[in-house]
Number of protein chains: 2
Amino acid sequence: MEKVDTTERLARLRELMKKHKVDIYIIPSEDSHSSEYIAPCDARREYITGFTGSAGCAVVTHEKAALATDGRYFNQATKQLDANWLLLKQGLQDVPTWQEWSADQSEGEKVVGVDPTVISAPDARKLAEKIKKRGGQELLAVEENLVDQIWGEGRPPRPSEPVKVLAKQFAGKDVKTKLDELRKDLEKKKSSGFVVSMLDEIAWLFNLRGNDIPYNPVFFSYASVTPTTATLYVDESKLSSECQTYLAENGVSVRPYERIFEDTQVLSESLAVANGDGQPEAKIKKFLVSNKTSWALKRSLGGDTKVDELRSPIGDAKAVKNETELEGMRQCHIRDGAALIEYFSWLEDQLNAKKVELDEVTAADKLEEMRSKHKHFVGLSFDTISSTGANAAVIHYKPERGSCSIIDPEAIYLCDSGAQYLDGTTDTTRTLHFGEPTELEIKAYTLVLKGHIALDVAIFPKGTTGFALDTLARQFLWEEGLDYRHGTGHGVGSYLNVHEGPIGIGTRIQYSEVPLASGNVISNEPGYYEDGNFGIRIENIIMVKEAETKHRFGDKPYLGFEHVTMVPYCRKLIDESLLTKREKNWLNEYHADVHAKTKDYFKENELAMKWLERETVPF
Amino acid sequence: MEKVDTTERLARLRELMKKHKVDIYIIPSEDSHSSEYIAPCDARREYITGFTGSAGCAVVTHEKAALATDGRYFNQATKQLDANWLLLKQGLQDVPTWQEWSADQSEGEKVVGVDPTVISAPDARKLAEKIKKRGGQELLAVEENLVDQIWGEGRPPRPSEPVKVLAKQFAGKDVKTKLDELRKDLEKKKSSGFVVSMLDEIAWLFNLRGNDIPYNPVFFSYASVTPTTATLYVDESKLSSECQTYLAENGVSVRPYERIFEDTQVLSESLAVANGDGQPEAKIKKFLVSNKTSWALKRSLGGDTKVDELRSPIGDAKAVKNETELEGMRQCHIRDGAALIEYFSWLEDQLNAKKVELDEVTAADKLEEMRSKHKHFVGLSFDTISSTGANAAVIHYKPERGSCSIIDPEAIYLCDSGAQYLDGTTDTTRTLHFGEPTELEIKAYTLVLKGHIALDVAIFPKGTTGFALDTLARQFLWEEGLDYRHGTGHGVGSYLNVHEGPIGIGTRIQYSEVPLASGNVISNEPGYYEDGNFGIRIENIIMVKEAETKHRFGDKPYLGFEHVTMVPYCRKLIDESLLTKREKNWLNEYHADVHAKTKDYFKENELAMKWLERETVPF
C-alpha cells in the first residue's frame, strides 16, 4: 500500500480554514445520502488523508491532523497515513472518539466547522453538544466543501449513469400504490410531507434503478412527497424518454438534483404560512425526514421547529417484501446457487485433480463469469471475499489483484459473495476445505452450523426482534468459550443494496427496536475466526413468514423463516457426532432441496453434477 | 370488594386545588423513595380513589377524575372505583396514557401540579414536555401534598420500627469498605457527591436493616456521601445506642429524616462557590443522583446545572454479591427448600390421604409456620401466591383470607413464595398436581421446564445481558405457539428486597443495558398461563459465576449460573419423551443435589422423607 504525501493538501486546506474562520475542520467519510458505499467523487476523506479504508473520519486543526478508524483498519491506516497524521484507534481504551478529540481541540471558544451536506443531522447535533460542553463555539456549517476546492480538477466527476424503470414483473407493486401508502402513513403521522435522501429508498419508491455507486443499483437523487405532489430531484440527462413518460404518468415531477435545497426552503416557508403563528407545537404539521438525513437538508427545511426526524417509513415499507419480490428472491437464489455449485466443483478439480495454482482473485473472477451467464444477472452485489487459510480470519478481507494469496488446497477456503439480478439480490457464504481439516476446524464449523440451523428453525411471536434471536445462533459456540465479533444477520434489498435496514440480527441495540415481520429478507451468518489461522462463516438468506404452530397464544401470529440460499454445506467439516437427530434431518432435507432445485443446471456439466451428488448424500 | 364514596374527598381536594391555582392535580402511587411496596401512610392514590391495587396513577381536574392502571387490575378497578372516576385502561389501543390524558386536559394554558416528592425527576420531565406540547403551562411543583391535607387524622403515622445492624457475618463487607469504593467511583466520575434516596440502597450501604415497609427490611431514610462526609437522614429514635455507636465508628453522621431538603440546598449552594462562575459545564463537579430520585430532591440540589442523573452506582454494587452473601444465599435456600418439601408433602397428605378441605390462605399459613421454625428466619419476602386451578393463571394472584378458593386436589396448584432470612432472601415457585393432570398441563409444564433448564445451563461471554438470554427460556414454548406475558428473571437482594435492579432477564429494553456479572443473583421463572383454566410457573434462584470453558475467545471470562433453590420438580407433570438425554441428566443431578442437601431435615418426618425420596428418584 502506498503512502500519499498530504503536506501540501493540508497546507491548502488550512489556508481555506483561515479564510472561513474555522479552527477545526471535520471531514467525514459519508456522501450526502448516508450511503454505505460511495462514488469516487465523494471520497473526500480518502483524498485528504491518503487512507483508502471504507470507514473513518478526519479532523484537521491548524497544528494537528487526526484520522479516526476502527479495528478492521488499524494496520492499513498505519501503512497509508504519512507523518502529518495522528491515528485515533477507535474502540481502544483511553483513545478518544473523533467527536471527543474534536471537542478537546475546541476548548477556549474555538470554531469547529463541517460541510453540513456530509454529516447527518443527529450526528451534527451530538457533535455540537460535545463541543459546547468543552467550551467551543456553536458548530459551524461551512456551506462550500473545503476539500472539494483543493481537490479541484483531479476530482472525478459525479457519475451520471442512465436510470432505468424496473418492470412491475420484478417490483411487484406500482409507484402509485407505494405513493398512496406513504401518503396514508404521512396523514396518520399528521405530517406535511416526507423528504427522502437515502438513494435506495428513492430507487424503491419510484421503481427505478441506476448505476452510480459500485454494487448498488441506485442513482444520485432526492425526492419529496406531500399529500398532493411527488418530486424527484435528479439530473434529467440520466432519464430516457421512457423513464420521463413513466414518471409523468405516475404524477411524479422531475427537478434538477441541485434544486433540492432551494425547493425545501420554499416548502419550509409555505409551512410557516399554513400553520399560522402562535400555535402550540403539537398543532404544527411538520415535515418528516429520516434520521439519516443530512444536517444541510434539515436546516434548509427549517430545523427542529419544522421537521421531525424518525426512522424512515419508506425504509420500513421497503423491508417488507411483496410476494413478487419474495418469489424473485427464491428464483435468483436457485440460479445463484447453481453458479456457486459449478464454481466449487470447478475449484476443487483445479486444485486437487489438475494441481493448478490459483490465486484468490483469479478464482473469484471465474465465479463472476459463471454467475454472469445466468438469467437476469446485472452484476455483483459486493466485492467477492475469496480467502484462503489465515486470510479467512479477516472478516472484511478484500483480496487485491496481483498481490493476493495463492489458494492453499490444504487450508480452509472461505467464499462470501453475491450478485444483483433483476429479480433479487444474493449474498452467500460457504466455507470449504479441499484437503484434511484439523480437529479444531471441524469442531468450530460444526458449532457454527448448529447455530445457523438453530436460527433457521426458530419460531417466535410477532413483535420479536433480531436482537432477541441473536443468542440462538451463538449458544453452541459460547458453550465452548467461542464467539464471533460481528452481527448474525443484515437486511437484504430486492435488486437493491445487499445491506439494508432497519432490521438486523445481532447485539447492536438498534436491532432491538424493529420487530421482524413477515416478508423481511435477512441473512443468517454466524462464524468463528482464529487470527492468523483460519476463519469460518456460513451464510444463507432467510425470509420471515408466518409459522404454523399448534397453538396461538396471545392471539397473535407466530413467525419463522424460509431459507432461499441453495448451496450444500461442507461435509468434511461436519462432525456428525455433535449433531442431534433433528439437526441431521434438517441437513438432509436442506440438501435434498438443493439437489432437486439445482440439478437441471448440470445436465451438461458432469463435474458439477458429481460434486452435487456427493455433497448432498443423506447423513 | 367494597367501593369507597370519594365524592367528598374529591370536593375537598378541588377546593385545595383552587387555593393553589392548580387546574389538574396528579396523584402517583409512589412514595418518596420509588419503593415497589409502600407503607400505608403513603397510599395517597388509594385514599383518593378507593382503588387498592399496587399500580396506578390518579389525575383530578375540576370537572373530571381519572385513574390509570394496567391489565392486571382492570377488573379490580372497575369494582372498586365509584362513579366519580373514569378508568384509563393502560396498554389498550386508543386509550391515552395518564400523561397524555393530563396533557390533553392542560390545553389552553392550564396548570398541572404534582407533589414533587412523589414523582421521579425523569418522570416529571417527560410529563412537563408532554404538557408543554399540548399548550399547558410549566409543570407546577406543589410543595404540600394536597391529599395528605384532606386525609388529616385518618392518615396512618409513618412507621418507626427499630433499625438494626446487620452483622459482618451476614453482610460480608463492612461499611468503611463500601464507602471507600463508592468514593472511588465518585472520583472517577468527577462528582461532588452522591445523594441516595432508594431505601434498599441505604440499608445495603450502611449494613442496617429496618422494618418500615411490609416484606422489605428497609427503613425511611436518605443519605448523602461526599469525598469527606457520610450522612444518614433518619428518625434518630429508631436507632438503638448500639446502632448510634456503630454509625459514629464508621464516620457516619446522623441527621433527622426531614432535614434532607434543607441540607441538599446548602450542599447545592456550596457547589456554586467551589466551582466559581463562568466555567464550561464539563468543568463543574456535579452531584450525582439515581434516575429514580424524586423531582423534589433534584430541585433542592439545584437541578440540571448541578446534578447528573444516572443508574445508581450503589444499585450496581449491591447487585454484585460478595462471597459471604453468595454462601448465605446457598444456605438459606437449603433451609427454605426443606420448608417447602415439608409443606408439599404435608399438603398432599392432607388433600389425598386425609381428605381435608383446605383453602389457599390456610395452606399458605401452614407454609409460613414451617418456614418460621428455621434458623435466621425473619419473615416472608412477599405475599405468598397459593393458587388452585384457574387462580394459578392470574400471574399476580393474591388469595384473600376468608374469600379465597378451596384447593382442588384434582387441579393444578401453583405456589410462589419466599422468605427473609438474616443470611439471604428466597423466592421459589413450584407447580404441582395432586391428582391426574391433563395432557395439555403436562405438555405446558414440560415446555416451561425445558426453557428453565436451557437458561440454567446457558454459558455466555462477559458483557451479555439478561435481554439476550430471555429467548433461551421461551424457545420451546414459542415453537408450539405458546408464550408468557412476564419477564423471566428479576434480581434478588441479600436479606433485602426480593425484587431489585438493575439486572433482569426479559424483553424489557432496560434489561439490555446492564450486562450480567459474576455475583449477580437472579430468578429463573418461565411460565405458561391459560386464562380461566390453569397456570404454570417454575422458579429457581440462580447466581452468575465464571464458567469453565474449553476455550476463551476474546480473552474474556465466560459466565454461567449456579442454582441455589432446592425443591424437586413435579414428576407427574413431566413428559419424559419430550426431554433430551442432557435434560434428563440435568434433572437427575439436580434431584440428587436436593436430596443430599435437605434429607437431614427430615430425620423425624417420615412423610416428608418419603415424599422427597419419591420425587427425586432418577429418570
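Note that the structure is predicted; figures quoted are calculated from it, not measured. Throughout, a chain's letter reflects where its sequence line sits, starting with A, and its residues are numbered from 1.
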For this session: Give, as side chain, backbone, both or neither, the part of I509(A) having an atom under 4.5 angstrom from any heavy atom of chain B.
Result: side chain
Seminar exercise, completed: Cut-off 4.5 Å, heavy atoms of chain B, and the answer for T464(A) is side chain
For this session: Verify whether the ring centers belonging to H486(B) and Y484(B) lie closer than 6.0 Å.
Result: yes
Problem set entry | SB check R125(B) E309(B) (cutoff 4.0 Å) | yes
Problem set entry | Straight-line distance of N533(B) CG to L440(B) CG, nearest 0.5 Å | 7.0 Å
Exercise. Using a cut-off of under 4.5 Å for heavy-atom pairs, which of E530(B), E479(B), K550(B) has the most such pairs with chain A?
Worked result: E479(B)
For this session: Let me know which of T488(B), T465(B), L472(B) forms a side chain to side chain contact (heavy atoms under 4.5 Å, CB included) with I505(B).
Result: T488(B)
Exercise. Charged N to carboxylate O under 4.0 angstrom, E583(B) versus K450(B)?
Worked result: yes
Exercise. Can the ring centroids of F460(B) and F561(B) be said to lie less than 6.0 angstrom from one another?
Worked result: yes
Problem set entry | Under 4.5 Å from any heavy atom of chain B - which part of F553(A) | both
Exercise. Can you say whether Y528(B) sits under 4.5 Å from chain A via the side chain, the backbone, both, or neither, judging by heavy atoms?
Worked result: side chain
Exercise. Given a strict heavy-atom distance threshold of 4.5 Å, which part of D483(B) is in contact with chain A: side chain, backbone, both, or neither?
Worked result: both
Exercise. So which part of K443(A) gets closer than 4.5 Å to some heavy atom of chain B, the side chain, the backbone, both or neither?
Worked result: side chain
